[in-house]
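First up is the structure itself, then whatever we jot down about it.
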There are 2 protein chains.
Amino acid sequence: MNINSLFKKGNFDLQKTKSEKYNNILNSAGHVFAEYGFHKATISQIASQAGVADGTLYLYFKNKDDILLQYLNFKSDSVFSRMRAAVEAGKNAEDKLRRLIRCHLSEFQNDKDMAVIFRSEVRHFRDIETQIKDISKMYLELLSEIIEQGQIEGTMRQDLFAALAKRYILGGVENVISSWVFAGSRYDLESLADPLVDLFLTGIRG
Amino acid sequence: MNINSLFKKGNFDLQKTKSEKYNNILNSAGHVFAEYGFHKATISQIASQAGVADGTLYLYFKNKDDILLQYLNFKSDSVFSRMRAAVEAGKNAEDKLRRLIRCHLSEFQNDKDMAVIFRSEVRHFRDIETQIKDISKMYLELLSEIIEQGQIEGTMRQDLFAALAKRYILGGVENVISSWVFAGSRYDLESLADPLVDLFLTGIRG
DNA sequence: TAAAATCATGAATAGAAATTCATTATTCAA
DNA sequence: TTGAATAATGAATTTCTATTCATGATTTTA
């Protein structure tokens, strides 16, 4: 795995035009990765899931790593743009936080493959972790903005250890998603957004 | 990987007496797993790190999976017994929570290999996730007790969505550890315990 | 001390799966 | 319509590494 994986052979057009087959393979890969994990998933499984021959994957992707990489990039981009839109729609810091968390939970609830894959596989890409648009990183930036605004508005404490507050919000949401996945995604995730934000805001002290 | 991995060949004595070599291999495996990840780590790397021949690993462990499994079991047990002791030393719920978080951060700060491995590899053991003594599960039980006690004492809100509160505390701590690992473990982790608990208790609202 | 039992070795084996590429099918342009 | 260009195929190749096991070293026992 190296950074060159980012650049595929001769399929730039396909990517731009979002070729049917390209997206099909990406989605199929998502299913298979989510079910078996990146390392146990095989090219043959992905190909078969996509209804194409093994060799066909190599017309669209440089190698197996590249498939995961592009999957993560694609999902990061689309989720994050929706998150940013959600935040922008909020009137004040608290409202923005609520919309962000709700969007986050909703996006992952609606794409369980993605939830499973983000929960684990991202970690293995230590080498290129800084190269891909890491959703965590963008997320923390969004949270920074919200917290700063909240402090200006006077609705969030001035003495906040912001770096820590960001981590604990993100961690809380991720852990809630994680346990939803682990529990077989049987309950409604999005409806946990408001209770969760209430906890973030007011803490557990009686 | 299957549940039989739990039972090794003929080395029950070795385990009981904590044979030098057994522990040596386990530690070496920890280093290698932490550096390369379970799947990319090879038996040869572990053997070489431990200063033994490849075949020797199979005298002490059933297979590669078994090495990780025993590593996780060993670490879970030892960390958790210290966590429980920390909690028991607390006088009231809030004190217990502080001690737990401090212990958690301190344990992981003092064993970075473990921190890295728990951060990622545990996820791949979906099949046996319920079999191993998952530190998260035990942790959540500890938190349950603390929250219940806090509610009885009146220092924690009666209307807490406890299942959520537990998740968000664990998530917060894990995410703080995660970013400490990611940042190259350059700062003091344990000293974040009190600020973090303050956040849990009082939230971010101004 | 010497035979037996145990432990360790690492080259050889075996199996799995990623990747390639000669061949075939399809699409496109004139 | 037909030849060229492009896309797809999947069997064969290559690579990689977990695991085995015949051999040798060491320790134990009597």
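These figures come from a predicted structure and were not determined experimentally. In what follows, every heavy atom counts, from backbone to side chain, and hydrogens, waters and symmetry copies are set aside. Every chain is numbered from 1 and lettered A, B, ... according to where its sequence line falls, protein lines coming before strand lines.
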| task | Please find out if less than 6.0 Å separates the ring center of A:Tyr139 from that of A:His104. | result |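 Yes: the rings meet the under 6.0 Å criterion.
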
Nearest-angstrom distance from the residue atom [atom1] of [X] to [atom2] of [N]:
X       : N      : atom1 : atom2 : result
A:Asn63 : D:dC16 : CG    : P     : 14 Å
B:Asp65 : D:dT19 : CG    : C1'   : 13 Å
A:Lys64 : C:dA17 : NZ    : P     : 9 Å
A:Asp66 : C:dA18 : CG    : P     : 14 Å
B:Phe61 : C:dA8  : CZ    : C1'   : 15 Å
B:Ile43 : D:dT20 : CD1   : P     : 11 Å
B:His39 : D:dT17 : NE2   : P     : 13 Å
B:Leu68 : D:dA18 : CG    : C1'   : 15 Å

| said: Working note: A:Phe161 + B:Leu196, criterion side-chain contact (heavy atoms from CB on, under 4.5 Å); need CA distance, chi angles, decisive distance, verdict. | reply: CA-CA 9 Å; A:Phe161 193 157; B:Leu196 198 47; over 6 Å; no

| Listed nucleotide nearest any side-chain atom of B:Leu59, set C:dT19, D:dA8, C:dT9 |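 Within the option list, the nearest is C:dT9.
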
| Closest to side chain of A:Tyr60, choosing from C:dT19, D:dA8, C:dC7 |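 Closest nucleotide to the A:Tyr60 side chain: D:dA8.
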
Donor-acceptor contacts under 3.5 Å from residues 162-172 of chain B side chains, at least two apart:
from     : atom 1 : to       : atom 2 : distance (Å)
B:Lys166 : NZ     : B:Ser144 : OG     : 3.1
B:Arg167 : NE     : A:Ser179 : OG     : 3.3
B:Arg167 : NH1    : A:Asn175 : OD1    : 3.4
B:Tyr168 : OH     : B:Phe200 : O      : 3.0

| said: With side-chain contact (heavy atoms from CB on, under 4.5 Å) as the test, pick out the partner of A:Val87 among A:Leu143, A:Leu97, A:Leu142. | reply: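 Per the side-chain contact (heavy atoms from CB on, under 4.5 Å) rule, the option paired with A:Val87 is A:Leu142, out of A:Leu143, A:Leu97, A:Leu142.
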
So, does [X] get its side chain near the phosphate of [N], meaning an N or O under 4.0 Å from OP1 or OP2?
X       : N      : result
B:Tyr58 : C:dT9  : no
B:Thr56 : C:dT9  : yes
B:Lys21 : C:dC7  : no
B:Lys40 : D:dC16 : no

| message | Assess, by modelled atom type and distance only, whether the side chains of B:Asp188 and B:Ser191 contain a donor and an acceptor separated by less than 3.5 Å. | response |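 Checked: B:Asp188/B:Ser191 side chains pair up, N/O donor to acceptor below 3.5 Å.
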
| field | Sub-4.0 Å heavy-atom contacts from residues 46-53 of chain A onto DNA chain D, ordered by number | value |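 Correct list: A:Val52, A:Ala53.
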
| 5' priority, DNA chain C, between A:Ala41 and B:Asp54 [closest heavy atom] |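 Checking each residue's closest nucleotide, the 5'-ward one belongs to B:Asp54.
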
| field | Aromatic plane relationship, A:Phe118 with A:Phe108 - under 30° parallel, 30 to 60° tilted, over 60° perpendicular | value |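 Correct class here is perpendicular.
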
| task | Could you tell me which non-hydrogen atom of A:Lys91 sits nearest to which non-hydrogen atom of A:Gln149, and how far apart they are? | result |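 Residues A:Lys91 and A:Gln149, closest heavy atoms: O-NE2, 4.1 Å.
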
